[in-house]
Amino acid sequence: MLLQRPRRNRKSAAVRALVQETFLSPADFIAPFFLIAGTKLRQEIAALPGVYRLSIDLILKEVESLHKKGISSIMLFPSLSSDEKDERASAALREDSPLCQAITTIKRELPALCVITDIALDPYTTHGHDGVIDARGEVANDETVAILCQMALLHAACGVDIVAPSDMMDGRIRAMRESLERAHFPHVNILSYAIKYASHLYLPFRNAVGSHLKFGDKKGYQLNPANKREALLEAKLDEEEGADILMVKPALFYLDVIAEIRKQSTLPICAYHVSGEYAMVMAAEEKGYLKAQDIFYESLMSIKRAGADCMITYALPKILSLL
Ligand code: PBG
C-alpha cells in the first residue's frame, strides 16, 4: 500500500495553487532602461532584440505605463557617443548630463517611482573599463572609488533613490556610505553589486552602451566564476561597509551563490538576469527552438526560488502579462 502519494498535491490547479511555494509579482522587478540624449529617439540594439535605447521622453512614457501595471522600480544606463568619452570618464560628473536630467524628470513626474542608477565608469571611458587606468595599466582602485563617490553624490543631488555601484573596487561601499552621510543624503540606499562575476554574458550590454573593452579584460576586479567562498567574502565586506541590498550577477549560472548568500546574510538579495541570459533565449526563440516567454518565466521563478528578493531583467515586458 502506498501511503505517500505526492501526486495528490498536484492533482488539480486548485490544489497546486494551495501548495505553491514561490510566486512572482510585479513588486519583485526592476526594469532596466538604456538612455540616450535627444528627444523622440528609439534605437534598436543588435544583440538585444526587443530592447531599445530611448531618449528621456520615451523612457518616461514607458515608465508611466509600467508603473500602472505595478512596476515601481527602474534602473537607468546611459549610452554616450564616443566623442563624449575620455580616459578619465569626465562625462560621469557632468551636472547637465542626460542621465541627471532623466533622474530629475522622472522623479518630478512620478515621485513614487524608485529610480536606481548604476555607478561605474565604463559607459564614460574610451577604454571601456570601470575605472581610471594607472601607470601599470590596471584599474586604479582608490582613485576610481573617489570618482564613484562624486558620481553617487551627483545622482543623490538629482534625487536618485538608490545608487548601485557595479565596479567591484575594494572599499567603495564604505567610501560611498560615508560620502552620502557627510553630504546629508543618509536616505539614499546602496544596492551593491557585491558579487559580480567576470562573465561572458555581459557582451550584449556592452553593445547597448558602447562600452566594449579596448584592451585587457575585467578579471582584475570582477570575480572568477570558479569561486564561491570569495563571493561570501565580498558579501560580508559589503554588508559591514554599509550596503543595504546585495546583488548577485549574472543570475542563472550562479543560483548556488544566491542560495549561499541567502544563508549567510540577512540583507535583501537582488539578482541581475543579465543581457546574455536574455539574448540566448531570444536567439533560440528566433530559431523556433523555445518559447521565450515560458523560458523567462521559469528562469525568473528559479532565481526567486534560489533566494533572490528582487530581480533586474530585460524580459520584464515579455512576462508582465503572467504576473
Ligand atoms: C557596468 C555594468 C555592466 C553590466 C551592468 N553594469 C557591464 C560590465 O561590467 O561589463 C552588465 C549587465 C548586463 O549584461 O545586462 N559596470
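One-based numbering, in listed order, for ligands and for the atoms of each.
Proximity annotation for atom 3 (C) of ligand 1: of Tyr272, Phe205, Tyr197, Tyr202, Phe205 comes nearest, heavy atoms only.
The closest protein non-hydrogen atom to atom 14 (O) of ligand 1 is Ser275 OG, 2.7 Å. If you check which protein heavy atom lies closest to atom 15 (O) of ligand 1, you get Tyr314 OH, 2.6 Å. Given atom 9 (O) of ligand 1, the protein heavy atom at minimum distance is Lys196 NZ, 2.7 Å. Atom 8 (C) of ligand 1 has its closest protein heavy atom at Lys218 NZ, 3.2 Å. Remark: minimum distance from atom 5 (C) of ligand 1 to any protein heavy atom is reached at Lys249 NZ, 2.7 Å.
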Passes side-chain hydrogen bond (donor to acceptor under 3.5 Å, both in side chains), Tyr278 versus Lys318? Steps please. CA-CA 11 Å; Tyr278 174 86; Lys318 302 236 160 11; 3.3 Å; yes
Walk me through whether Glu240 and Lys236 qualify under salt bridge (Lys or Arg N to Asp or Glu O under 4.0 Å). CA-CA 6 Å; Glu240 286 166 6; Lys236 183 168 151 284; 3.6 Å; yes
Begin from the C-alpha positions of Asp86 and Arg88 and carry the test salt bridge (Lys or Arg N to Asp or Glu O under 4.0 Å) through to its verdict. CA-CA 6 Å; Asp86 59 28; Arg88 317 249 341 138; over 6 Å; no
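Interface of Val274 with ligand 1, defined as ligand atoms under 4.0 Å from a residue heavy atom, comprises 13 (C), 14 (O), 15 (O). Listed by number with element, the atoms of ligand 1 under 4.0 Å from a non-hydrogen atom of Asp118 are 1 (C), 6 (N). Every atom of ligand 1 with a heavy atom of Arg206 under 4.0 Å away is listed here by number and element: 8 (C), 10 (O).
Taking a cutoff of 4.0 Å between a charged side-chain nitrogen and a carboxylate oxygen, Asp309 and Lys304 do not qualify as a salt bridge. Using a cutoff of 4.0 Å between basic side-chain nitrogens and carboxylate oxygens, Asp238 and Arg172 are scored as salt-bridged.
Note: the hydrophobic cluster containing Leu154 does not contain Tyr124 (ILVMFWY, side chain heavy atoms under 4.5 Å, direct or indirect links).
A donor-acceptor pair shorter than 3.5 Å can be found between the side chains of Tyr193 and Asp118. For the residue pair Glu62/Ser65, the side-chain donor-acceptor check at 3.5 Å is not satisfied. Counted by atom type alone, Tyr314 and His273 present zero donor-acceptor pairs between their side chains at under 3.5 Å.
Residue Asp122 touches ligand 1 through its side chain alone, judged by heavy-atom distances below 4.0 Å. Under 4.0 Å from ligand 1, the heavy atoms of Ala120 that appear belong solely to its side chain.
The shell of residues lying under 4.0 angstrom from ligand 1, judged by heavy atoms, excludes Glu277. The closest approach between Tyr278 and ligand 1 stays at or above 4.0 Å for every heavy atom of the residue.
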